[in-house]
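All values reported here derive from a predicted model rather than from experimental measurement. For ligands, and for the atoms within them, numbers begin at 1 and follow the listed sequence.
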Amino acid sequence: MKVLGINGSPRIGGNIDILLDKVLEGAESKGADIEKIVLNKLKFVPCQECEEMTYDGSCLIKDGMQEVYKKIKEADAVIFASPIFFGSLSAQAKMMIDRFQCAWRAKYILKKDNGYKKIQSAFICVEASTRKDFLENAKAVTKNFFVTINANYKYELFCQGIEFKADILRHQGYLKKAFKLGAKIAS
Ligand SMILES: Cc1cc2nc3c(=O)[nH]c(=O)nc-3n(C[C@H](O)[C@H](O)[C@H](O)COP(=O)(O)O)c2cc1C
């Protein structure tokens with residue numbers, strides 16, 4: 001099976017990056033083929049609300065997002081990971097999600113097959129504070145994204161009180177949970 005990790009943090013070697021690698025390591029331990037996309041490295045624009053939208057769920061803008069659409073379509077499970085920025089997802093993560101408006105429209109307005117098969121998914125989130133409402137906020141947006149790409153929201157891992165780069169390495173419990181999550185989603 002193919003497990004795709006999507007990293008919404010701009011910090012390479014940061015908390016989300018480390019956690020996502022652990023999840024993917026867990027998935028690989030169960031024989032999964034793993035792949036990771038770092039949104040901050042892609043060149044893509046925010047949704048332009050194109051009036052001339054396609055009818056099959058695809059996006060008209062030919063930029064870095066095309067790779068994301070393709071890789072999600074190829075995956076059997078998606079792990080979406082973002083830090084909390086100002087009480088919500090990172091800008092990179094939200095910008096990616098908005099670019100699925102084409103898929104949302106095909107599914108809910110046109111009531112057509114939007115090209116995404118049924119897959120499993122998990123959400124990983126980190127915050128410096130211990131604000132439950134921030135995590136719930138990010139989760140609500142993520143769930144909306146997952147349902148659009150026909151992904152079943154199966155697992156979540158929320159890490160609180162994690163602020164500085166690679167702080168997560170001092171929390172073995174969270175790293176173990178990340179590995180286990182990856183192993184479970186690939187089983
Ligand atoms: C722009 C920005 C906004 C942030 N906003 C919040 C916030 O609203 N609540 C919070 O608990 N942490 C906030 N943080 C802290 C990050 O969530 C935290 O440092 C996290 O560990 C970063 O993960 P990363 O290393 O994967 O990027 C913010 C950090 C940045 C850079």
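Between the side chain of Thr148 and the backbone N or O of Asn144, at least one donor-acceptor pair lies under 3.5 Å.
Looking at residues two or more places apart in sequence or on another chain, you find a side-chain hydrogen bond (donor to acceptor under 3.5 Å, both in side chains) between Arg131 and Asp133.
The minimum heavy-atom distance between Leu19 and Tyr174, with the atom names listed, is CD2-O, 3.9 Å.
Listed by chain and residue number, the protein contacts of ligand 1 are Ser9, Arg11, Gly14, Asn15, Ile16, Pro83, Ile84, Phe85, Phe86, Gly87, Val126, Glu127, Ala128, Ser129, Phe134, Ile162, Glu163 (heavy atom within 4.0 angstrom).
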Show the atom names and distances, to 0.1 Å, of all donor-acceptor pairs under 3.5 Å that link a side chain in residues 26-34 to residues at least two apart or in another chain.
{"residue": "Ser29", "atom": "OG", "partner": "Gly26", "partner atom": "O", "Å": "2.6"}

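Contacts classified as salt bridge (charged side-chain N to carboxylate O under 4.0 Å, His left out) and involving residues 137-153 (residues at least two apart or in different chains) are given here: Lys139-Glu156.
A salt bridge (Lys or Arg N to Asp or Glu O under 4.0 Å) with Asp17 is found for one member of Lys36, Lys22, Lys41 and no other, namely Lys36.
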